[in-house]
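This report refers to the structure that appears directly beneath it.
Quick note: numbers below take in every heavy atom, side chains included, and nothing from hydrogens, waters or symmetry partners. Residue numbers start from 1 in every chain, and the chains themselves are labelled A, B, ... in the order their sequence lines are given, proteins ahead of strands.
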2 protein chains.
Amino acid sequence: MKQKPTESVILDAAMRVFTRKGFAATRTEEIAKEAGMNRALLHYYYRDKQTIFNLIFERRFSEFFKGLFIIFETDSPLFEKIEKMVDHEISTISQHPDLPRFILMEVAQHPERLIEYGQKLGLNPRIFLEQFEGQVQAEVRAGRIRPIEGRQLVINIMSLCMYPFVAKPIIKTMMQLDESKYFEMQERRKKEVYEFIIHAIKVSV
Amino acid sequence: MKQKPTESVILDAAMRVFTRKGFAATRTEEIAKEAGMNRALLHYYYRDKQTIFNLIFERRFSEFFKGLFIIFETDSPLFEKIEKMVDHEISTISQHPDLPRFILMEVAQHPERLIEYGQKLGLNPRIFLEQFEGQVQAEVRAGRIRPIEGRQLVINIMSLCMYPFVAKPIIKTMMQLDESKYFEMQERRKKEVYEFIIHAIKVSV
DNA sequence: GTCTATAATTTGATAGAC
DNA sequence: GTCTATCAAATTATAGAC
């Protein structure tokens, strides 16, 4: 019956609270409570609030971007790549529904972190984006999809996958969905979003 | 040369700061500074920080939802309604790019406000949603659009319009856009998003 | 009405006992 | 390693002069 080391108990608790509330609204007291310990112990293991936050942010930043960039990197055909992106995003984010809001909130406050942590992770959006744009242009020239800017397509794909999570509280309330109904709706979206995109770009037959 | 009453100078300043930072990260000092006055004066006109925030939230909440619901209410044909929604959302939000993030952040923290302020504004999402779903089903049955759930379509439309604003810092950085290039991209989106949606739902010819 | 000065409160960080 | 007690700093709110 080995128990988790206190360091990770703290980090796990901090992850939940920071993700829920963001940096500014988080009280170290709440992290300690969530971790089932005293506030002082947080400072014993980690210098201060900011230090804990940075560790959490790096972890969550990686979760948010890493998988996506791996799919960007593969050289699958366009439609297959889109299918993978949609399925991956909706599936993984479903397990961490408030991850996008957390990242977007904190990046909006400190855009410089996007560059800093992006480099730390070795992400190079420019290369991936250019590659994807080239792929889209090739399909357009081949007459398989209608004319569309590659970057507009990327934005559309990300929007369709991410926004329903970012707007989760609004959607749940407006559509009167409980947690499980909301989850089912997201499950259906995997197919729905993929088909929506394919119909949107492929030339009529 | 009549000058603005101090009350509205305060509210305008508070609107900018709260929208930028959210409630928790906002310092009343910054509001006062932005309004060009002393902190104490804020308390002379308004009881406290929370009071000012509530006024701002109500105002911005209305901006965010009111126009959208008006379009939902009209009885235009489906495609025309979609065109109006897309154009309205992208146009008006372009002038207040951080409005969606503000609403989403604060509603995520306090979902009960959605109901409270929604009622205050007299919004009834259920009716609008049912009406829209009926309209979509009619089009499906008439064979003019492919089978799609009305609410999935609503989510898709909102996603395509809103997310690019919510993710503005990420998009600007990744695509290396300055403020004016970002604005141009959004201008092109009015047409792009509308056509994307129409192609996505209409049956092939 | 607007300011300066100050009080009160909240929060984060440290010291020291066990 | 974990806690209690305490301090320090930041932030909000109020009192009172002008």
Where along nucleotides 11-18 of chain D does protein come under 4.0 Å, by heavy atom, of base (B) or sugar-phosphate alone (S), with - for untouched nucleotides? SBBBB---

Lys66(B)/Glu63(B) salt bridge by N-O under 4.0 Å criterion: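 No, Glu63(B) and Lys66(B) are not salt-bridged.
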
Let me know the distance between CD1 of Ile10(A) and P of dC3(D), rounded to the nearest Å.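 That distance rounds to 10 Å.
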
Do you know which of Lys81(B), Glu83(B), Lys84(B) makes side-chain hydrogen bond (donor to acceptor under 3.5 Å, both in side chains) with Ser76(B)?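 Going through the options one by one, the only one that passes is Lys84(B).
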
Distance below 4.0 Å between Tyr44(A) side-chain N/O and dT2(D) OP1 or OP2: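 So the side chain of Tyr44(A) is outside the cut-off, no N or O lying under 4.0 Å from OP1 or OP2 of dT2(D).
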
Does Thr6(A) place a side-chain N or O at less than 4.0 Å from the phosphate oxygens OP1/OP2 of dG1(D)?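 Checking Thr6(A) against dG1(D): no side-chain N or O falls below 4.0 Å of OP1 or OP2.
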
Please check if atom CZ in Arg188(A) has more than 12 non-hydrogen atoms from other residues, nucleotides or ligands closer than 6.0 Å.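 Counting other residues, nucleotides and ligands, CZ of Arg188(A) exceeds 12 neighbours.
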
Surrounding CZ of Arg47(B) (heavy atoms of other residues, nucleotides or ligands, distance under 6.0 Å), is the total greater than 12?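 At most 12 heavy atoms, drawn from other residues, nucleotides or ligands, come within 6.0 Å of this atom.
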
What do you reckon, are the aromatic ring centroids of Phe61(B) and Phe65(B) less than 6.0 Å apart?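 Centroid separation for Phe61(B) and Phe65(B): below 6.0 Å.
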
